[in-house]
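Beneath this line is the structure, given in structure tokens, with notes to follow.
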Amino acid sequence: MTPRRYGASAAARLSGFAIALCMLSGIAAPAPAPALDFTAEEERRILRHGPWPPASQPDPSNRVSGEPAAIAFGRALFFDPRLSLSGEVSCATCHPPERAWTDGLPRSRGQRTVDRNAPSLFNLRFNRWFGWDGAQDSLWAQNLRPLLDGREMGVGPDGAAGLVRSDRVLTCGYRRAFGAAPGADDERIFVDLGKALAAFLETQVSGRTLFDEFRDALARDDAAGQARYPAAAHRGLRLFVGRGNCAFCHFGPAFTNGEFADAGVPHFVEPGRVDPGRHGGIRKLHQSPYTLLGRFNDDAGRSTAAKTRYVDLRQSNFGEFRVPGLRNVALTAPYMHAGSLETLADVAHHYSTLDEERLHAGGERILRRLDLSARELADLVAFLETLTEKAPRHEFVEKPAEALCR
Ligand code: HEC
Ligand code: HEC
């Protein structure tokens, strides 16, 4: 593998003396300081993590995707605690915008404590499956789950539809978003709430980061731009796309391949009860009336349902969880599906000391115990931190419902 130079100008910066010395001794010319030059293969792997933000299209399964009136209605619903049985829990209870849409708890607490960690809500529009177990195949269906689950909000289809019909502001918001007053079919209104919430959440795409600046500088062979990337992050990035093999799963612009894997994280919920992960998710998906195969998909051709149609249950799905995206990851501690790791240093340590015996030996082994040095652990963390925005914008509106229909 030949190291790729920062650009033609880089060679010119090497002193003639150094070059002559190298030629005499027969060694390749050293990379220019502070360079940690990437090989062509490494560079190819790095470039695949951008550009950011990627282009996006409205969701064909949701007829109000991208519609401003639905976005406004969805925002109001997100902050409305009347969508819980207790009247005290809203989506923002577990996904507060000022904390990067996550609550900082290992496992979330709504009306009661749940089994899993609340994921951040950035970049959902690029997901293929939703929830740690992928039990939902659309963003709108995912948004219905807390409304159905008594531990979270539990208002249910009739409770939610009743609220929308009886509240003047919500009725008006619904009419503006969907072009008609809420009808008599509770379940249809209920699903529409999921769709308005989805229209709102689709707007939450994380911003550009130090990594993106570096990646784009690499793409245009801009040495000065690349030099601004911290040296430790540079080394961590090399581990991430190289020996660590992290990019095998944390792949692409959002740093996830969108699929499921066993990363060696224990999945006991409590003694004697395990979280089945993807295995349970597929079973729920097959039973749900709210999938892309069902009557609520607005895409008449059902082309959006292809992936759902072909999902089948395998024993190897047991204990697999969705590969999380890593953008803004420094803001979303604690980590993993049940928040079992407190810091990014703990995550790096986890991969470094991985117990390979714990992993399913399904086919080719992707994860290996890395035995990283203290400096390598710090480098990996430094790299992960550069995937985080300096100052994420956060959407906080004092009384969103009142702004809906004056
Ligand atoms: C009790 C706390 C709690 C409440 C309330 C709550 N959530 Fe969540 N949310 C979670 C947890 C925990 C998960 C992970 C669920 C899982 O994998 O089983 C999650 C997952 C999600 C996801 C999937 C993210 C992904 O990466 O796949 C979305 C979207 C979401 N919630 C939106 C909402 C919306 C919209 C509401 C309000 C209607 C809401 N949540 C209410 C805790 C909560
Ligand atoms: C085989 C696929 C795979 C590989 C390879 C992999 N990961 Fe992961 N990663 C996952 C999965 C799956 C999870 C969630 C596991 C869980 O919650 O049980 C995860 C979780 C994480 C998280 C926590 C994110 C969050 O929001 O909770 C971080 C950070 C992370 N991985 C970084 C890395 C790094 C760094 C490497 C390389 C050393 C790596 N991953 C290699 C699949 C992988």
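Counting starts at 1 for both ligands and their atoms, in listed order. Positions are given from 1, in the same order as the sequence printed here. Everything numeric here is computed off the predicted structure, so don't read it as measured data.
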For [atom], state which one of [options] supplies the nearest heavy atom.
atom                    : options                        : answer
atom 27 (O) of ligand 2 : Glu259, Met336, Arg278, Glu320 : Met336
atom 35 (C) of ligand 1 : Asn143, Leu147, Asp133         : Asn143
atom 11 (C) of ligand 1 : Ala118, Ala141, Gly74          : Ala118
atom 1 (C) of ligand 1  : Gly339, Cys94, Pro81           : Cys94
atom 15 (C) of ligand 1 : Arg112, Arg107, Arg151, Arg145 : Arg145

For a salt bridge (charged side-chain N to carboxylate O under 4.0 Å, His left out) check, start with the C-alpha distance between Asp212 and Arg327, then their side-chain angles and the critical distance, and finish with the verdict. CA-CA 11 Å; Asp212 297 310; Arg327 286 187 175 266; 2.9 Å; yes
For [X], which part has a heavy atom under 4.0 Å from ligand 1: side chain, backbone, both, or neither?
X      : result
Arg116 : both
Val114 : side chain
Thr93  : neither
Asp103 : neither
Leu77  : neither
Leu83  : neither

Would you say the side-chain atoms of [X] and [Y] include a donor-acceptor pair closer than 3.5 Å?
X      : Y      : result
Tyr290 : Gln142 : no
Glu389 : Asn328 : yes
Ser108 : Asp103 : yes
Tyr174 : Asp192 : yes
Gln136 : Ser288 : no
Asn123 : Ser206 : yes
Thr304 : Asn297 : yes

Against heavy atoms of His337, which atoms of ligand 2 measure under 4.0 Å?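 The list of qualifying atoms is 16 (C), 17 (O), 18 (O).
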Which of the ligand 2 atoms, numbered from 1, are nearer than 4.0 Å to a heavy atom of Asn245: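 Reading through ligand 2 atom by atom, the close ones are 5 (C).
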Shortest protein contact, [atom] (heavy atom only):
atom                    : answer
atom 39 (C) of ligand 1 : Pro146 CG, 3.4 Å
atom 25 (C) of ligand 2 : Tyr335 CD2, 3.7 Å
atom 13 (C) of ligand 1 : Pro119 CD, 3.3 Å
atom 28 (C) of ligand 1 : Gln142 CG, 3.4 Å
atom 6 (C) of ligand 1  : Glu152 OE1, 3.6 Å
atom 37 (C) of ligand 1 : Cys91 SG, 1.8 Å

Check ligand 1 against [X] and write out every atom of the ligand that is under 4.0 Å from a heavy-atom position of the residue.
X      : value
Val89  : 5 (C)
Gly131 : 17 (O), 23 (C), 25 (C), 27 (O)
Arg109 : 1 (C)
Met153 : 5 (C), 37 (C), 38 (C), 41 (C)
Leu124 : 24 (C), 25 (C), 26 (O), 29 (C)
Trp132 : 14 (C), 16 (C), 17 (O)
Gly110 : 1 (C)
Ser108 : 2 (C), 12 (C), 42 (C)

Quick one: does any side-chain atom of [X] pair with a main-chain N or O of [Y] as donor and acceptor, under 3.5 Å?
X      : Y      : result
Thr102 : Thr332 : no
Gln111 : Leu85  : yes
Ser166 : Gly162 : yes
Glu376 : Ser373 : yes

Decide if the gap between the ring center of Phe126 and the ring center of Phe255 is smaller than 6.0 angstrom.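 Between Phe126 and Phe255, the centre distance exceeds or equals 6.0 Å.
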Taking the ring centre of each residue, are Tyr335 and His350 less than 6.0 Å apart?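 Not close enough - the centres of the two rings lie 6.0 Å or further apart.
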Assess whether ring-ring contact (aromatic ring centres under 6.0 Å, His included) is satisfied between His234 and Phe383, documenting all intermediate values. CA-CA 7 Å; His234 220 133; Phe383 161 68; over 10 Å; no
Hey, what do you get for OH (Tyr351) to CG (Leu341), rounding to the nearest 0.5 Å?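 Reported to 0.5 Å precision, the distance equals 9.0 Å.
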Examine the proximity of ligand 2 to Phe260 and report which part, side chain or backbone, both or neither, has a heavy atom under 4.0 Å away.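 Neither part.
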If you measure from each non-hydrogen atom of Leu370 to ligand 2, which part falls under 4.0 Å: side chain, backbone, both or neither?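 Leu370 to ligand 2: side-chain contact only, backbone stays beyond 4.0 Å.
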If the contact criterion is a heavy-atom separation under 4.0 Å, does [X] count as touching ligand 1?
X      : answer
Ser90  : yes
Asn117 : yes
Arg322 : yes
Leu139 : yes

Using the ring of each side chain (for Trp, its six-membered ring), is Phe78 parallel, tilted or perpendicular to His95, with breaks at 30° and 60°?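 Taking His95 first and then Phe78, their aromatic rings sit tilted (interplane angle of 30° to 60°).
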Mind checking whether His337 and Phe321 have parallel, tilted or perpendicular rings, split at 30° and 60°?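 Rings of His337 and Phe321: parallel, as their planes differ by under 30°.
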Where do Glu320 and Ile282 land on the side-chain contact (heavy atoms from CB on, under 4.5 Å) test, with the steps shown first? CA-CA 11 Å; Glu320 288 184 339; Ile282 293 175; over 6 Å; no
With heavy-atom distances below 4.5 Å as the criterion, would you say the side chains of Arg109 and Val114 are in contact?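 They are not in contact (no side-chain heavy atoms under 4.5 Å apart), so the answer is no.
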Taking the side chain as every heavy atom from C-beta outward, state whether Arg188 and Phe178 have any atom pair closer than 4.5 Å.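 In short, these two side chains do not touch, never coming nearer than 4.5 Å.
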Begin from the C-alpha positions of Arg243 and Asp371 and carry the test salt bridge (charged side-chain N to carboxylate O under 4.0 Å, His left out) through to its verdict. CA-CA 11 Å; Arg243 186 155 69 85; Asp371 288 317; over 6 Å; no
Tally of protein N, O or S atoms, where distance to atom 8 (Fe) of ligand 2 is under 2.8 Å: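 With waters ignored, the protein N/O/S count below 2.8 Å is 2.
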Give the atom name of whichever N/O/S atom in His95 sits closest to atom 8 (Fe) of ligand 1.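 Among the N, O or S atoms of His95, the one closest to atom 8 (Fe) of ligand 1 is NE2.
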